[in-house]
Asks: 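Dropping the structure in here first, questions after.
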Amino acid sequence: MPLSFLKWLKFNLTNTQTRLLLILTIAVFAIIIAVGMTTYYSSKSVLQQELSEPQHQMLRIGMNDIDEMMRESDQIAVKIALNGNVYQFLTSDVQASYQNITELLKFMETLISSTSFIKSAYIYDVERGSMVAFPQGFSSSKANFPDSGWVDVADDFKDRPMLVKQREIPSASGPPARQITLYRKIMISGQFKGIIAVNFKSEQMFRHMLQSSVSRLDSRRLILDVDHQPLYELGNYRVGAEVVDQVLSQLDGEKIGEFEHEGKTLLASQIVSPYTGWRYLSVISQDSLLASAQKIRNTVFVVSLLALAAGAAAIAFYNASAFRPVKRMRQLLSGYDRVRMDTGTIDLEKITSQLLTDHAQQAMNLRQTLPEASSKFLMDIHAGHMSGTRELSEKWERYFREWDPAPLIIAMLSIDDYEAWCKRFNKPDHSLLKFAIANIAAELLSGQWRVLTADLGRDRMMVMLQPLGRFSDGDAVTAIGETLPMIRRLLKFQVSAGVSANHDGYMHLQKAMQEAELALDYRLYRGYEQAIPFREVAAAPLDDGVSEDQETMAPLTESIEAGHAEAALHVLDKMLSRLQQENTHPSRAMACLRSVAETLETLRLSRAAECRDLELSSLRTMHLEDVQALLKEQVEAMCAWFGGMLLSKDFVLCQQMIAFMNDHLEEPIGIQDIAEHAGIGTSLASQLFKQEMNETIHGYFTKLRMERACRLLVDTDYKISEIASMVGYQHENSFIRVYRKTKDITPGKYREMMRTRRDSLLEP
């Protein structure tokens, strides 16, 4: 028998898998035994430290809940004390007024019924000995009231307005019952007139003092009053008064400690309420604590034996039938050249499974992120961040493997009258609504087209289309045109679109985007909810009429400042009519409209006119008729405001000072010079100017200088130092500092930004 066992053992140990499994089993067995043996000896100190703090925290939670009830009860007592019926009860000659007592009892009932932890409330007149109690009612003498043994508590108040004590209520049929009561003084005109007593329901007050997660241990929790008398106890471990005294003596103000009592070690934790002065005490027997540790030690030992037995069973199972051929593993990993297989590796199948799982996870992540990456690809091309041919080709091959070499079409969707749309819908809903536009377009177009959408921000959304079969030049425009009414029916707002020509290959995507945007700009003339193809507007000439429009800004400004609405509207109508009749290129027309809007906005800001501000960026999303109505409304409002101001003598003086400022922007004049020109004193000039223009003279003069500097920065090539001198600043640094403070941008950055914007508007 021993010889046969040795042969069997030798045979099994020659197998690499069996040998590895045996070594791992013995190692796990040894580790579990070591952990089990050391757990018992280290558990005492660890459990003491880890258990004491949770007990202390639970005491604090219970204390906070009870203190909160006390505060709420004290507030109720204060409300009762401040009630007018209480004042009448304590001060009137006739206390037994039926109306007064009835209203007072109803008031007390309302307050007490709103809580679940107040049982009753008494009002005691210390001078006449009478009482009003809910629910008992009125008693003209404390001798006739069944629960009046507490009235001598007046001597315990001293300087405190509130007091909480436990008292005993005599019972005719048994031992006296204990009652916790909150007392509060009633002071009238500085005199001690009465006492309010609020009686608590003990079971409701202490309902949060529940057993903890270690309730199976021998433990006890107590609440002691200021005289160390127990108010409430909970737990399965009984402690007497001598144990409580010993605990309090040895803790001596510390929150956590341990001590010996009758041969047993007890762990104690305490906390004192700053509101009631009650002491919350927790006591746990260390013997029951270590009994659990002994169970853990025994359990760990049994588990180690079971692990050893399981290892032995596993060895027998693997020798019998569990080992799978390594050849099968090689077949599973045939596609992974970098994996080197070892015939003696028992975790080979596990590694294979992990590799396949990782591959599936990566494939799923790729499918989820591919639409976002594809949209980012289009956005980078639109923003000009991807111009290299190599980078463009690599990303197209990576993101658009399923797309064919068929022609590509770009449709640029835009929300009509974007400013009105923003006011109509809440800002948090904007992204959701644009997402809905993309979903509707993808759903309606997916049958005959490959579709990819990209959100460009604000009102714009890009759609890239590729036909799935044969198509003609107008199919894309027709498909987009059929999508727009569906968007209106489902989302209740209108969207317009510009559609590019067909382009072979992704290398022409940026050109297609420019064509779609140019076509979309013709919404200015064609109106809302239109699908505008680029082929219909490609031949439109790019005229040079902007300079003529710029020349009309001066008469428009003069008419508005003079309050002549009819003349200003005539200038505006003439300009807009020419745009409509000559079908001016949208970029030129938009530059003209923006110039008018900026002029009106400059007048509004510089004169502090009470007119609504213009959202210049939204003009591009509006029909020309709506733009005209918006500008007319603004012109009429500003003319009315200027006309009203011209009737004021003070305003005339202010206009004289403003004219003087405009004539001397380059000179170092001061407030005194400006006031002398108007023929009034400096103080009066400052007062009138602030009253009429809602701005100081110095601030307004600085604003005029900065506005002139803005025009010089955009319209001329003067150096910054030269412009500083032309607007009254001797030092370039002083000018830059004031400009940046006023405009929140440096002069150089402003010149660069405005010229870039102007060039983009003038591009064909």
Side-chain angles (χ1 to χ4, degrees), residues 412-425 458-460 477 480-481 484-485 487-489 491-499 516-534 536-537 540-543 545-546 548-550 552-553 555-556 559-560 565-601 603-604 611-640 761:
M412 199 69 64
L413 305 185
S414 173
I415 299 170
D416 294 330
D417 197 353
Y418 182 68
E419 182 182 4
W421 183 82
C422 290
K423 294 178 180 179
R424 179 182 173 189
F425 298 100
R458 291 184 58 81
D459 62 290
R460 296 297 169 100
V477 179
I480 293 295
L484 301 182
I487 293 175
R488 172 173 49 80
R489 286 196 294 270
L491 302 181
K492 309 305 180 183
F493 59 84
Q494 293 177 313
V495 174
S496 294
V499 184
E517 288 193 326
L518 178 59
L520 178 62
D521 286 341
Y522 273 86
R523 167 177 49 187
L524 183 69
Y525 300 117
R526 299 199 178 189
Y528 300 137
E529 203 177 280
Q530 299 290 323
I532 307 171
F534 174 74
E536 295 183 4
V537 300
L542 184 63
D543 63 282
V546 176
E548 180 181 345
D549 293 330
Q550 293 288 352
T552 64
M553 292 301 106
L556 178 63
S559 300
I560 293 175
E566 185 176 352
L569 290 176
H570 177 72
V571 174
L572 181 64
D573 288 340
K574 180 180 179 182
M575 179 188 304
L576 298 180
S577 297
R578 189 178 62 81
L579 294 178
Q580 182 71 52
Q581 294 171 1
E582 298 179 3
N583 198 24
T584 306
H585 195 278
S587 61
R588 300 295 192 188
M590 193 55 59
C592 175
L593 295 174
R594 183 176 293 274
S595 177
V596 175
E598 289 178 348
T599 300
L600 297 178
E601 190 69 2
L603 284 173
R604 186 185 71 84
C611 307
R612 74 165 186 169
D613 57 331
L614 289 172
E615 185 64 34
L616 302 181
S617 59
S618 67
L619 296 180
R620 194 179 181 187
T621 66
M622 299 173 65
H623 184 222
L624 185 60
E625 293 180 357
D626 290 342
V627 175
Q628 184 175 6
L630 178 64
L631 296 179
K632 282 186 175 182
E633 178 185 351
Q634 187 77 357
V635 167
E636 290 174 348
M638 295 189 67
C639 287
L761 287 175

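Predicted, not measured: the structure shown is a model, and the values here were computed from it.
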Asks: Step by step, would you call Lys632 with Glu636 a salt bridge (charged side-chain N to carboxylate O under 4.0 Å, His left out)?
Replies: CA-CA 6 Å; Lys632 282 186 175 182; Glu636 290 174 348; over 6 Å; no
Asks: Minimum heavy-atom separation for Val635 and Ala568, please, with both atom names.
Replies: CG1-CB, 3.6 Å
Asks: For the residue pair Glu536 and Arg526, establish whether any side-chain heavy-atom pair is separated by less than 4.5 Å.
Replies: yes
Asks: Do the rings of Trp421 and Phe425 sit parallel, tilted or perpendicular, given the 30° and 60° boundaries?
Replies: tilted
Asks: With a 4.5 Å heavy-atom cut-off, do Leu572 and Gln628 have their side chains touching?
Replies: no
Asks: Please report the shortest heavy-atom distance between Ile480 and Ala497, naming the atom on each side.
Replies: CG2-CB, 3.6 Å
Asks: Any sub-3.5 Å donor-acceptor pair from Ser496's side-chain atoms to Glu529's backbone N or O?
Replies: yes
Asks: Using a 4.5 Å cut-off on heavy atoms from C-beta on, say whether the side chain of Thr621 contacts that of Arg523.
Replies: yes
Asks: Test side chain to side chain contact (heavy atoms under 4.5 Å, CB included) on His585 and Leu518; report intermediate values, then the result.
Replies: CA-CA 10 Å; His585 195 278; Leu518 178 59; 3.5 Å; yes
Asks: So how far is it from Tyr528 OH to Phe493 CZ, rounded to the nearest 0.5 Å?
Replies: 14.5 Å
Asks: When you compare the side chain of Tyr525 with that of Leu624, does any pair of heavy atoms fall below 4.5 Å?
Replies: yes
Asks: Measure the CG-CG distance between Leu631 and Leu569 for me, rounded to the nearest 0.5 Å.
Replies: 10.5 Å
Asks: If every non-hydrogen atom of Ala531 is compared with every non-hydrogen atom of Leu484, which pair is closest and at what distance?
Replies: N-CD1, 3.8 Å
Asks: For Asp417 and His623: C-alpha separation, side-chain torsions, deciding distance, then whether side chain to side chain contact (heavy atoms under 4.5 Å, CB included) applies.
Replies: CA-CA 8 Å; Asp417 197 353; His623 184 222; over 6 Å; no
Asks: Can you tell me how far the CZ atom of Arg620 sits from the CG atom of Leu524, to the nearest 0.5 Å?
Replies: 11.0 Å
Asks: Are Met412 and Asp521 close enough that some pair of their side-chain heavy atoms sits under 4.5 Å apart?
Replies: no
Asks: Can you confirm whether Ser577 sits close enough to Lys574 that some side-chain heavy atom of one is under 4.5 Å from a side-chain heavy atom of the other?
Replies: no
Asks: Contact between Leu520 and Arg460 at the side-chain level, heavy atoms closer than 4.5 Å - yes or no?
Replies: yes
